[in-house]
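Remarks on the structure that follows.
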Number of protein chains: 4
Amino acid sequence: MASSSKSEMRKEQILRAAEKIFARKGFHDATISDVSREAKVSDATIYEYFSSKEELLFSIPGKTTRKQLEEIEAILEFLPRNVDKIRCIIKRYFWFYDSHPDHAAVTMLILKQNRKFLEMPAYQDVQEMSRLILRVIEEGIAKGEFRKDLDPYLVRASILGTIEHLVIRKILLGKPERLIDLSEPLADLLIQGMIPRDGEKVYHIRLALGSDEHGAEKPTPRKTPAKSDRSNR
Amino acid sequence: MASSSKSEMRKEQILRAAEKIFARKGFHDATISDVSREAKVSDATIYEYFSSKEELLFSIPGKTTRKQLEEIEAILEFLPRNVDKIRCIIKRYFWFYDSHPDHAAVTMLILKQNRKFLEMPAYQDVQEMSRLILRVIEEGIAKGEFRKDLDPYLVRASILGTIEHLVIRKILLGKPERLIDLSEPLADLLIQGMIPRDGEKVYHIRLALGSDEHGAEKPTPRKTPAKSDRSNR
Amino acid sequence: MASSSKSEMRKEQILRAAEKIFARKGFHDATISDVSREAKVSDATIYEYFSSKEELLFSIPGKTTRKQLEEIEAILEFLPRNVDKIRCIIKRYFWFYDSHPDHAAVTMLILKQNRKFLEMPAYQDVQEMSRLILRVIEEGIAKGEFRKDLDPYLVRASILGTIEHLVIRKILLGKPERLIDLSEPLADLLIQGMIPRDGEKVYHIRLALGSDEHGAEKPTPRKTPAKSDRSNR
Amino acid sequence: MASSSKSEMRKEQILRAAEKIFARKGFHDATISDVSREAKVSDATIYEYFSSKEELLFSIPGKTTRKQLEEIEAILEFLPRNVDKIRCIIKRYFWFYDSHPDHAAVTMLILKQNRKFLEMPAYQDVQEMSRLILRVIEEGIAKGEFRKDLDPYLVRASILGTIEHLVIRKILLGKPERLIDLSEPLADLLIQGMIPRDGEKVYHIRLALGSDEHGAEKPTPRKTPAKSDRSNR
DNA sequence: CATGAATGAGTGTTCATTCAT
DNA sequence: TATGAATGAACACTCATTCAT
């Protein structure tokens, strides 16, 4: 995982220390000395690798998001159904945050609300991840797996929002200990809101062999195509 | 809204200034001088009303959450259907954050991830609000409006999580300008995931029709009753 | 003791509060609020009576020293022997500090080392007191009660210095609880150093007579073994 | 005297500056900036060496007292008579305060009345010094050099008290310029109060044996009429 | 006369950052 | 490359003091 050059190892060592310290104390309450102590280097050494405390913070995500992105993309290729892709994404998020609690804390408690972070290159990866989810949703809609009237942006917001909410709960309250256990039920819940009512109906009808009492009524309760504000990119 | 005594007015004046400044600069980057300048009082005066910068921050929510809670509760009484209650809650949240952007920023970007805030009395109100939502969900399940296999905690997480996600987006990216416009589509989306499926309905009908391969006991496609971890209180 | 006018009573009330507070916390660590709280008046009221915190401090001695001075002078008149005058002065000092511990603390710990206090009128009284002692010593020398070769200034320094040293010990260490018990032994000790030696006396006799080691008269005035309070470690 | 390591030299430099500034302005009226300016370092540098202003103050005595103690002890070994030991101690005290006026001011005006200082390690040295004096007195009593009925604690109080009184006079009033000139007369005075009347008498008799040119005019072994510095008003 | 309310002026302390070695 | 040493720049907080009521 860490690069092999000695210099790169030092950098990793500092980054891991920073991640740990920032996760525990928050960005402002953590001092460079805290980090250097944890990393077992001097304060000045940190400045050999990072130009400022802030840059150190923004360097923590590093390639992590991108790597996650790539791994997820690789897996998704093998999942023909978009429902399963959604399911996979949720699972992956939870698995990642479960196994990287410090990273989770830095990301969710510090970076997510940092205006400057939006301009950092690392944020591009976050955006790409986000775009991937959007694509999966749009694709699902196009393929008819998901309801036509879905606002993909809203769907994405509900997926990411719920995940984030649960991750933050875990960080701050310590519960649930294993997010991963929530991934199936959560996927079920969210997907229920996404799949077509009739599509499902048809499926049942097929199973039911000729039972079509409710036939033509497409009972989608809300006709409004939920266009909403598509600009909420 | 503001208390009438002169002293209380000063306090309100300072709180409003603090809300504005903290919303724009964040807690750590804002100085007491910034706040006192905005409030048109001296630095020292702030300390007449609040014992520390942190106490000033934690005083910003004040009675706001409680008031929202009470108003929502008052309205919910008139909505017999829990679907509408959910819809109303979402709408109210968005309306509130739309009309109180500074409060939104302080709440979502500063307080929500502050560990100490969890111990402040104001956080109790947040929790009660949260409990109200949970109750509405549980009630809906009990009444049969929502699917029996829902995990109410998970549903609540998806409601609050999505709202928060969208509010933060608005704060940081400025889009969408009006969250309120998202409330109907979002309610639709979330509620879709909560109400019993037509498919299930059909399925039940089928059962009545004499074809009963898998019987009444297993009416849901997903067998796992999505109990998830109920401990994520 | 306190003047009768209402205003004068207020002043006394504040002074007593200040004395108590300054004694306990020291001048700098005590705040005007501490004093006003103790005196049960408002901060501002203190400024009605004293122009500044420092003036308040310098007003604490008030007429106390002068009164002591006058009382001592009155008594000394009745003591024809200067040894007894010295004895009386020491006793009086200890009695006063024993019965006015807060005054003792303010005087010994705060005022005594305050350069500005030297210019205050109240310091005049201290000086007069000091001069009185000097006079008693000089008079004793002139009368032949004390050794001719004494440096009266040095003698005074040893009297006052020892008293101060013991008072400060009591204030800081709490021991001895009663200074007054030390007054006799201390007077014995100091007076021993002041009165003409037997040896000298005898020597003079020898010169006159040529014989006689020292005669029968062992004039050591105090036989008391000056056990005093051994606990004032 | 100063430690050799560069860091120790900086520390010494700061301590000397602090001693000078505190001596002139007092602890509370002196600012860290005053000290840092005098020491020609930055404010922050002071905090590299001392954790607080108060710790800086308490560090001023350092090893000084202990060193004095050891040097005095070394000398006392060569003085068989305890009278001379007392004499030596007084002389040493005066010599030290004469040559270290800033140290004297810090010790006598600031530390001596500081309750917290009593808990500092440096105060242990002061106590040991004090115990040394006590031992000399007790030994003198045991050896019969001093009167059996002396209270050693009281004697010590009179020795230290007188010294302190005179040192403070010098600091505050500037007089006498040279304390050392007072050491002989003071020692004479104090010792007079300590030695046995008869023992001394015998001694005089021996001296007198036949040589009586100067008879009555020069009755004291010490010729200096203890005029001392009469200006120490 | 008494005071609640307001503040100016000040200060100890922190810490990210630099740089000579 | 690594760091010990030094510091500039800030800032939260305190408190004696004022003054309108």
Side-chain angles (χ1 to χ4, degrees), chain A residues 5-7 10-11 14 27-36 39-57, chain B residues 5-7 9-11 14 27-36 39-56, chain C residues 5-7 10-11 14 27-36 39-57, chain D residues 5-7 9-11 14 27-36 39-56:
Chain A
S5 98
K6 199 174 173 204
S7 162
R10 262 276 202 277
K11 199 164 184 174
I14 293 168
F27 180 65
H28 277 100
D29 292 341
T31 68
I32 288 289
S33 288
D34 288 334
V35 176
S36 68
K40 277 156 192 156
V41 297
S42 74
D43 284 28
T45 300
I46 291 182
Y47 285 88
E48 291 288 321
Y49 294 90
F50 305 94
S51 64
S52 72
K53 191 188 176 189
E54 207 171 37
E55 204 219 285
L56 173 59
L57 170 67
Chain B
S5 101
K6 201 167 173 213
S7 165
M9 277 173 61
R10 260 279 196 279
K11 201 163 182 174
I14 293 168
F27 180 67
H28 277 100
D29 292 341
T31 69
I32 288 289
S33 289
D34 289 336
V35 176
S36 68
K40 277 159 191 150
V41 297
S42 73
D43 284 28
T45 297
I46 291 182
Y47 285 89
E48 289 288 317
Y49 293 89
F50 304 94
S51 63
S52 71
K53 190 186 175 190
E54 207 173 37
E55 204 219 282
L56 174 58
Chain C
S5 98
K6 200 171 171 206
S7 164
R10 262 274 203 279
K11 200 163 182 174
I14 292 168
F27 180 67
H28 277 100
D29 292 341
T31 68
I32 287 289
S33 288
D34 289 334
V35 176
S36 67
K40 278 157 189 154
V41 297
S42 73
D43 284 29
T45 298
I46 291 181
Y47 285 87
E48 292 286 322
Y49 294 90
F50 304 95
S51 65
S52 71
K53 191 188 176 189
E54 208 172 35
E55 204 220 285
L56 173 58
L57 169 67
Chain D
S5 102
K6 200 170 174 209
S7 164
M9 278 174 61
R10 260 279 197 277
K11 202 163 181 173
I14 292 168
F27 180 66
H28 277 100
D29 292 341
T31 68
I32 287 289
S33 290
D34 289 336
V35 177
S36 68
K40 277 160 190 148
V41 298
S42 73
D43 284 27
T45 297
I46 291 181
Y47 284 89
E48 289 288 316
Y49 293 89
F50 304 95
S51 64
S52 70
K53 190 187 175 189
E54 206 173 37
E55 204 219 284
L56 173 57

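- Qualifying ring pair (Phe, Tyr, Trp, His ring centres under 6.0 Å) partners for A:F27, counting only residues two or more places apart in sequence or in other chains: A:F22.
- Within 4.0 Å (heavy atoms only), A:Y49 reaches sugar-phosphate atoms of the nucleic acid but no base atom.
- D:S42 pairs by the side-chain hydrogen bond (donor to acceptor under 3.5 Å, both in side chains) definition with D:T45, not counting sequence neighbours.
- Counting all heavy atoms, side chain and backbone alike, A:V35 lies closest to A:I14 at CG1-O, 4.1 Å.
- Atoms OH and NZ, on D:Y47 and D:K53 in that order, are 8.0 Å from each other to the nearest 0.5 Å.
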Within the sub-3.5 Å range, which N or O atoms of nucleotides 10-13 of chain E have a protein N or O partner, and how far apart are they?
unit_1	atom_1	unit_2	atom_2	d
E:dG12	OP1	D:K53	NZ	3.0
E:dG12	OP2	D:I32	N	3.1
E:dT13	OP2	D:Y47	OH	2.7
E:dT13	OP2	D:K53	N	2.9

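- In this structure A:D34 satisfies the salt bridge (Lys or Arg N to Asp or Glu O under 4.0 Å) test together with A:K25, A:R37, sequence neighbours excluded.
- Rounding to the nearest 0.5 Å gives a distance of 11.0 Å between CZ of A:F50 and CG of A:L57.
- A 4.0 Å heavy-atom criterion places the boundary nucleotides of DNA chain F facing chain C at F:dC15 to F:dC19, written 5' to 3'.
- Residues satisfying the salt bridge (Lys or Arg N to Asp or Glu O under 4.0 Å) criterion with A:E54, sequence neighbours excluded, are A:K116.
- Here B:E55 pairs with B:S51 under the side-chain hydrogen bond (donor to acceptor under 3.5 Å, both in side chains) rule; sequence neighbours left out.
- For D:D43, the side-chain hydrogen bond (donor to acceptor under 3.5 Å, both in side chains) partners two or more places apart in sequence, or in a different chain, are D:S33, D:S36.
- Partners of B:S52 by side-chain hydrogen bond (donor to acceptor under 3.5 Å, both in side chains), not counting sequence neighbours: none found.
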ask   = Given the rule that a pair is Watson-Crick or G-U wobble with both distances under 3.5 Å, how would you write DNA chain F in dot-bracket, using | for pairs to a different strand?
value = .||||||||||||||||||||
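- For the pair A:D34 CG and E:dT14 P, the interatomic distance rounds to 13 Å; values are reported in whole Å.
- Dashed line: the shortest gap from a side-chain N or O of C:T45 to OP1 or OP2 of E:dA2 is not under 4.0 Å.
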